[in-house]
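Below is one structure, written out as structure tokens, with a few remarks after it.
Atoms within each ligand, like the ligands themselves, are counted from 1 in listed order.
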Amino acid sequence: MTRQLVVAAAQMGPIALDESRKEVVTRQIDLLHQAARLGAELVVFPELALTTFFPRWWAEDLATTDHFYETAMPSVQTQPLFDEAARLGVGFALGYAERMLDDQGETVHRYNTMIMVERDGRTVGHYRKVHVPGHDSNEPDRIFQHAERRYFEPGPDGFGVWRAFGGVVGMMICNDRRWPETYRVMALQGVELIVCGYNTPIHYPPDPDQDSLAGFHNALVMQAGAYQNGTWVVGVAKGGVEEGVDALAESCIIGPSGRIAAQTRTRGDEIAVAVADLDRNRNYTGTLFDFERYRMPEHYGRITSQRGVIPPPDPDPEATS
Ligand code: CDT
């Protein structure tokens, strides 16, 4: 029996600051219908797919940004998306800003979160972004902020995987895709398909030389992650010019060979669809990347025992003179 899953990248174009949740959810339901007509069983939406990418603005008082976050999922405004997906028998993954409340209604945590929902409407799991990029203080000299580290704590649960959609699936969010550890920790749990939503400004203020490489780096990290771990990867953008900031589109579905199976052509709302044959992963995980046979964890201790770089000591100038 083959395990073929039809998966769709539901790329979104810009979401304006004044666009309501209702308008956004209407766009998402339209994408869901397009994907369903193409036979999709799992539809993947971007990171922070319900609002504009608000970390581009500095807020002195975080409470003034509470309206960007969801305190329940589904919420009243997103319920129609959940209902329509269940009616169509299509599963989905959706990124959103999550604000956790205590019993008194006080905010206790803010996370950059993705929820995955099965075809029957059952929630598979939540993933909270681990690698939170950017800065946590105001940097007014930038033409736009990337203050994710002010708006979100790193997710506390790490990289879990779930049995769903006939296989083992995982989630990652945007900057997570640039770190090989993200994929490997999931691959060590048998992941077969990883979904990822992203918002990637093309201009990178700390090093504008990287701007022309934004698309190359996006494909490079996800294709390498797929190949080196023998997994499918579905990378989905919120692209186009949003509130004056140009964001990368180039959503793609990548097979365990590392090759792109499908990709979007525009920078707006668009579906790209591919048949992910989960049994094809064994061609890689059972051969060149047979972890049990070939990995050498006894030499990987630094990966978890240290965070930054520790170069070898400088040679003693006295000794070499
Ligand atoms: N959303 C997100 O994680 N974006 C980052 C932008 C670069 S870091 C300022 C990314 O890795 O694409």
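E47 and N112 form a side-chain donor-acceptor contact under 3.5 Å, judged by distance and modelled atom types alone. Side chains of R178 and N218: no donor on one and acceptor on the other come within 3.5 Å. One side chain, T52 or E242, offers a donor N or O that lies under 3.5 Å from an acceptor on the other.
Using the six-membered ring where Trp is involved, F45 and F92 have ring planes that are perpendicular, over 60° apart on the 30 and 60° scheme. By the 30° and 60° cut-offs, the orientation of the rings of W179 relative to H131 is parallel. In this structure, Y151 and Y69 have tilted ring planes: the angle between them lies in the 30° to 60° band.
In this structure, H67 has its ring center no closer than 6.0 Å to that of F54. A centroid separation of 6.0 Å or more is found between the aromatic rings of F152 and Y111.
Heavy atoms of R177 found under 4.0 angstrom from ligand 1 belong exclusively to the side chain.
Per-residue contacts place E47 under 4.0 angstrom from the following atoms of ligand 1 (heavy atoms of the residue considered): 1 (N). Counting atoms of ligand 1 from 1 in the listed order, those under 4.0 Å from a heavy atom of R178 are 10 (C), 11 (O), 12 (O). Of all the atoms in ligand 1, the ones that sit under 4.0 Å from a non-hydrogen atom of N175 are 3 (O), 10 (C), 11 (O). Set against the non-hydrogen atoms of N199, the atoms of ligand 1 under 4.0 Å away are 1 (N), 2 (C), 4 (N).
The protein heavy atom nearest to atom 6 (C) of ligand 1 is H146 CE1, 3.6 Å. Looking at atom 5 (C) of ligand 1, its nearest protein heavy atom turns out to be C174 SG, 3.8 Å. For atom 8 (S) of ligand 1, the closest heavy atom belonging to the protein is P133 CB, 3.6 Å. When hydrogens are left out, the protein atom nearest atom 3 (O) of ligand 1 is K129 NZ, 2.8 Å; that is the closest non-hydrogen contact.
Where the criterion is an N or O separation shorter than 3.5 Å, residue side chain and backbone included, Y204 fails it with respect to ligand 1.
Within the 4.0 Å heavy-atom cutoff, E148 counts among the residues contacting ligand 1.
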